Amino acid sequence: MNYAMALDYQNCINCQACEVACKQENGVQLGAEKQRIWVGIVEGVVFGRPFINTYPSQCNHCIDAPCVTVCPTRASHYTKGGVVQVNPRQCILCKACLEACPYDARFIDDTRVAIDKCTFCDHRTAETGTTACQATCPTKVRTFGDLDDENSDIVKLLKTRRFFFQKEFSKTLPKLFYILPEDEGFARQSVAHNTTVYTWEDIKPVYEQAGKKRSKEWRR
Amino acid sequence: MRIEISRRRFLQKSVALMVLGSTPFAGVKLLADTKNPGKVAMSRQVPTLCEMCVNKCAAIAHVRDGIVKKLEPNPLFPKSRNMLCARGTAGIHALYDPDRLKYPLLRVGKRGDGRYRKVTWEEAYAYINDKLTRILDEEQDNRSCIGYCAGEGLAEHTFKTFMYDKFGSSNFLNHSTICLQTAVSGFALTIGNYGLADLENARYVIMAGANRAEAIITPDTMDLFKRTRGRGAKLVVIDPRYTSTAMHADTYLAIKPGTDLAFVLALTYVAMHGQLYNTAYVENNFQDFEKYRTHILDSQYTPEWAEKITGIPAASICKIAREFMAAAPQAIYYQGRRTAWAKNDFQLRRAMALFTAMGGGVDVIGGIVFGSRLPLGEHPANAPLYANARQRIDKDAAAVIGATGSWVAWRDMVAEGRTPYPIRGMFVYKQNPMLSVPDSTKTREMFEKMDLVVVIDTMPSDTAMLADVILPECTYLEREDPVQSFAGIEPAIALRRKVVEPMYETRPAIDIMRGLAQTLSKPLWEITRKYDEDVQEEIEANSEEEAYSDGGFDLVEPFIHSQEEINRDMVVSKHGEDAWRLLREKGVYYPGMASLFKKIDNNTYQCYPRNKKIYSVLEKEGPDDQGSDAQRSCPTCDPCMNPADFTPWKRTFATPSRKIECYLGSMETKGIDPMPKWKDEYNIRVPAGKFTFITGRHAQFTQTATQNNVMLLDLMRENYVWINDREAQDRGIALGDLVEIESSVGTVRIKAFPTPKILPQIIFYIHGFGSTSEAMTLAHRNGASDNQIIEGTIEPVFGSAVMHETLVTVRKVRA
């Protein structure tokens with residue numbers, strides 16, 4: 001099993017339903033800075049015309065996750081399906097993972113006195129098939145699923161669309177698949193010119209191999 | 001010690017456990033109990049309907065140990081399309097809000113100083129009874145001396161049944177005239193109904209002022225934004241601000257506030273001048289089109305003319321008109337909701353309806369459709385006649401004053417002492433006029449003139465702080481509300497079921513009304529007997545008992561049964577027992593649901609298959625050689641028939657002429673322009689140094705009702721004032737600086753947000769902040785209230801509040 005998420009980010013209306021659903025589902029600490037997931041916003045003006053791009057985001061559950069490697073106490077670890085988790089009882093708040101994470105996906109939970117982060121809602125996906133953020137989303141930006149399952153919603157979607165990753169230069173094999181918009185104008189507006197765009201054929205062997213290599217760790 | 005409880009035993013004791021389980025507020029940590037797997041979880045899932053805004057999306061409440069832990073979308077409800085927005089999910093914190101109204105309260109201090117005494121329900125009712133009988137005695141049974149207002153909601157009608165049908169006052173106010181009265185009536189008087197926009201199939205949508213990404217309307221929001229950006233629906237956004245809706249637009253154009261009418265008239269001109277409209281549809285379905293055409297062309301509403309007024313380039317206007325008509329009839333000038341913006345708002349909505357209709361986009365797939373509604377049984381009340389109850393005070397405030405009056409005009413008359421008879425008191429249900437009606441200072445003056453103010457609410461709002469008596473209603477998760485049938489392309493009935501027992505001493509509206517009725521019925525009858533000559537005659541002719549009960553003076557009668565019993569009767573009488581069982585179990589019912597509803601994938605569900613969706617409902621008359629009788633009554637049911645084939649057919653619209661009305665003769669007699677027309681007075685010149693103030697909504701809060709919600713405050717702590725970045729720079733205003741905004745009616749202080757996303761000479765901040773109620777500990781003085789500075793002006797047709805014509809000055813206070 002290799003859990004991942006695809007994001008059809010062009011649907012996003014920045015309503016932040018996902019943020020609230022995440023907090024409610026997972027009992028995330030209150031406070032604007034305490035977020036397991038968020039809607040990233042880039043806005044500006046080009047030739048006098050304003051624009052806004054939204055990139056809903058969360059932990060990428062990278063296959064080569066630097067937060068796991070850097071952790072001195074193994075508090076950061078993999079669980080089934082390659083989900084990156086933090087065991088709060090082992091966390092000593094050294095904050096090395098905060099520095100190591102290319103996506104700024106971690107924060108300090110003052111109530112657990114430990115690092116907190118997205119868990120891909122692992123307590124519910126077996127039952128519902130969806131994370132809280134996916135289930136609640138009005139415009140259905142997110143699709144969660146198993147990359148190893150040819151019949152999962154996510155693989156079906158990735159087979160029909162092209163996609164890219166955020167901060168791919170970190171070489172961590174991230175698992176948030178951003179779906180490339182079909183509209184050329186919007187794609188040009190929201191995807192950096194040097195971004196690599198993939199198809200499922202391109203990426204499948206790479207992720208499959210990397211996943212296989214790690215699968216023992218994922219089951220530990 | 002842990003006690004194992006079997007499921008059955010739990011059910012027996014559920015009431016006691018729920019009371020125990022529901023008292024504590026879990027502090028700031030909201031842990032879903034995923035640990036403790038050994039513990040026997042007492043979890044339930046209860047379908048309900050959200051009340052965090054007006055959409056009423058279907059939700060499933062997950063209850064564990066008597067505490068609501070999570071609200072999830074209920075995919076069965078076609079209207080809400082398997083989603084719950086930020087507010088919907090945060091509904092739990094309306095239930096567990098630490099500042100909730102918990103007990104009936106009586107004022108002990110001066111009005112507005114917030115000092116109250118906890119009393120029992122009986123004491124509260126007795127106090128109201130005492131005051132009310134004295135007032136009615138003095139007013140000789142003129143029931144209309146007590147005004148009342150209600151916010152939108154499923155139980156609004158329960159309150160109105162008591163105040164209007166039973167108590168008998170004509171002075172009712174609701175959200176209409178501070179909301180969508182002009183839009184609804186503009187469309188209804190033109191095409192017969194406000195209608196629904198079929199955004200699942202529209203190919204071209206003009207959204208002017210409407211902001212569906214931030215002001216979420218279901219299913220419009222979900223349907224539209226899955227189809228923008230080259231996926232079937234071209235979107236044109238016209239707004240003085242660059243909104244989250246504008247970021248999805250193919251074309252975004254900034255417009256000067258209050259000039260939308262000129263824009264639509266110019267679009268109409270282009271379509272008429274070039275004969276781009278659907279001539280067959282117009283020929284068959286328009287009344288007085290020739291008059292309208294002559295008027296538009298003779299008035300020279302050219303794109304060049306409109307450019308000067310609106311600021312939108314003439315070339316863009318031409319292009320939009322052409323593209324719109326090319327995509328028609330799957331083209332919609334989106335109706336929008338909201339308040340009236342300018343004095344010409346009614347004419348604007350008429351022009352919008354006529355423009356859409358000229359393309360043929362009314363009562364067709366992808367256009368404005370009317371949908372269908374599943375029937376429900378009735379719950380009638382025997383309404384008594386009071387001979388001394390007088391007509392509403394504001395009946396002449398505008399050309400057409402309906403049953404919901406004109407909030408601003410009514411308020412002004414009371415505040416300024418200009419009423420034909422004294423208004424002595426007010427009952428407020430679920431509305432917060434102190435923050436929702438323009439010119440708050442005047443609203444306060446109105447309340448201060450009254451001898452009895454009763455507020456029924458869940459939160460100690462600014463309005464509640466002016467009440468003599470506060471009656472705490474329970475939140476929507478603690479009550480069953482009247483069942484509702486939702487009209488649409490995919491009609492359904494949905495039910496708000498009680499999820500947990502009411503906390504503290506709160507009660508649902510129906511119980512409050514029952515209690516009030518039981519206390520008031522006989523004492524008020526005595527007053528009617530004393531002053532009402534008709535009743536006196538009736539008593540002489542028959543008996544007192546007969547006059548009282550047959551005449552409907554027994555106020556308790558509509559509230560005898562529980563809400564659940566009433567709902568059951570309303571559903572079973574039309575759809576049978578099985579439907580009722582299904583509705584209670586699933587929260588949603590429509591005929592054939594069990595076989596039609598399908599899961600397609602984790603994101604997509606089908607409620608109705610395409611050939612069962614109801615797009616075209618009006619009776620049609622095609623050429624004799626086309627279509628069978630069955631196709632005429634419901635042509636979309638026939639998958640073999642191309643919708644384009646029957647688009648231009650003659651239809652029977654729900655208007656007086658049975659056609660689309662270009663010319664409203666009935667309005668002309670009331671001094672209202674019979675056709676949309678631009679007048680010089682609509683040109684508002686903003687003097688140098690001044691700004692037009694505009695207001696709006698966003699997706700994280702609903703009006704003023706959710707401002708104390710701890711979860712939503714995480715998303716936005718306070719509102720900021722938008723000001724054009726260049727103008728801000730000239731004035732030395734930077735992000736976060738405190739500025740003072742002053743209009744002729746008030747002054748506020750608020751932090752600045754300089755941005756290129758707004759036109760110069762306009763400032764904006766969102767509605768719903770700036771509570772001054774100290775009892776709202778989380779919302780108290782967050783940002784500023786828009787209605788503190790908006791002037792109380794009304795438009796001439798319905799007396800709707802005009803929200804975008806206030807001129808203000810901006811001054812930097814400190815960095």
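In this text the structure is predicted, and so the values were computed from the model without any measurement. Protein chains get the first letters and strands the later ones, always in sequence-line order, with residue 1 at the start of each.
Ranked by heavy-atom pairs shorter than 4.5 Å toward chain B, the options A:Gly145, A:Pro138, A:Cys15 are led by A:Pro138. Among B:Gln700, B:Met222, B:Arg717, the residue making the largest number of heavy-atom pairs under 4.5 Å with chain A is B:Gln700. Chosen from B:Ala699, B:Ser244, B:Gly230, B:Pro73, the residue pairing most often with chain A at heavy-atom distances under 4.5 Å is B:Pro73. The candidate from A:Gln16, A:Gln10, A:Glu184 with the greatest count of non-hydrogen atom pairs under 4.5 Å with chain B is A:Gln10. Per-residue heavy-atom pair counts under 4.5 Å with chain A were compared for B:Arg212, B:Met247, B:Arg229, and the maximum is reached by B:Arg229.
For A:Asn11, the parts lying under 4.5 angstrom from a heavy atom of chain B are both the backbone and the side chain. Contact of A:Glu19 with chain B is made through the side chain alone, with heavy-atom distances under 4.5 Å. Using a 4.5 Å cut-off between heavy atoms, A:Cys12 contacts chain B through its backbone alone, with no side-chain atom that close. Contact of A:Asp8 with chain B is made through the side chain alone, with heavy-atom distances under 4.5 Å. Interface remark: B:Ile216 contributes side-chain atoms only to the contact with chain A (heavy atom separation under 4.5 Å). When heavy atoms are compared at a cutoff of 4.5 Å, A:Glu182 approaches chain B solely by way of its side chain, counted from C-beta outward. Heavy atoms of B:Leu713 lying under 4.5 Å from chain A are absent altogether. Of the atoms belonging to A:Cys137, it is backbone heavy atoms, and not side-chain ones, that fall under 4.5 Å from chain B. At a 4.5 Å heavy-atom cutoff, the contact between A:Arg49 and chain B is made by side-chain atoms alone. Using a 4.5 Å cut-off between heavy atoms, B:Glu72 touches chain A through its side chain atoms alone. For A:Pro181, no part lies under 4.5 angstrom from a heavy atom of chain B.
With rounding to the nearest 0.5 Å, the separation of CE in B:Met711 from NZ in A:Lys23 is 6.5 Å. A:Thr54 contributes atom OG1, which lies 6.0 Å from atom NE2 of B:His248 (distance to the nearest 0.5 angstrom). In this structure, CD1 on A:Ile52 lies 7.5 Å from OG1 on B:Thr243, to the nearest 0.5 angstrom. With rounding to the nearest 0.5 angstrom, the CG atom of B:Asn603 is 11.0 Å from the CZ atom of A:Arg142. Note that CG of B:Asp714 is 6.5 Å distant from CD of A:Gln35, once rounded to the nearest 0.5 Å.
Across every non-hydrogen atom of A:Phe51 and B:Tyr242, the tightest pair is CA-OH, 3.4 Å. The shortest non-hydrogen separation linking B:Thr89 to A:Ala21 is CG2-CA, 3.6 Å. Closest of all the heavy-atom pairs between B:Ala213 and A:Ile13 is O-CD1, 3.6 Å. Here the shortest heavy-atom pairing between B:Thr221 and A:Thr139 reads O-CG2, 4.2 Å. Of all non-hydrogen atoms in B:Pro756 and A:Pro50, the two that sit nearest each other are O-CG, 4.4 Å.
Under the 4.5 Å side-chain criterion, counting only non-hydrogen atoms from C-beta, B:Lys757 is in contact with A:Glu43. Side chains of B:Thr604 and A:Lys140 form no contact here, defined as non-hydrogen atoms less than 4.5 Å apart. Side-chain atoms of B:Arg231 and A:Asp183, non-hydrogen and from C-beta on, never get closer than 4.5 Å to each other. Within the 4.5 Å cutoff, the side chain of A:Phe144 has no heavy atoms near those of the B:Asn602 side chain.
Annotation for A:Asp149: atom CG counts as buried by contact number, over 12 foreign heavy atoms lying within 6.0 Å. Residue-environment remark: CD (B:Gln729) stays at or below the threshold of 12 foreign heavy atoms within 6.0 Å. At most 12 heavy atoms of other shown residues, nucleotides or ligands fall within 6.0 angstrom of atom CZ in A:Arg162. A 6.0 Å sphere centred on NZ of B:Lys599 holds more than 12 heavy atoms belonging to other residues, nucleotides or ligands. By the 6.0 Å contact criterion, CD on A:Glu150 is enclosed, its count of non-hydrogen atoms from other residues, nucleotides or ligands being greater than 12.
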Exercise. Report the C-alpha distance between A:Leu30 and B:Val710 in whole Å, list the side-chain angles of each, state the deciding distance to 0.1 Å, and finish with yes or no for side-chain contact (heavy atoms from CB on, under 4.5 Å).
Key: CA-CA 8 Å; A:Leu30 288 181; B:Val710 68; 3.7 Å; yes

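Between A:Glu25 and the choices B:His62, B:Lys69, B:Lys70, the side-chain hydrogen bond (donor to acceptor under 3.5 Å, both in side chains) rule is met once, by B:Lys70.
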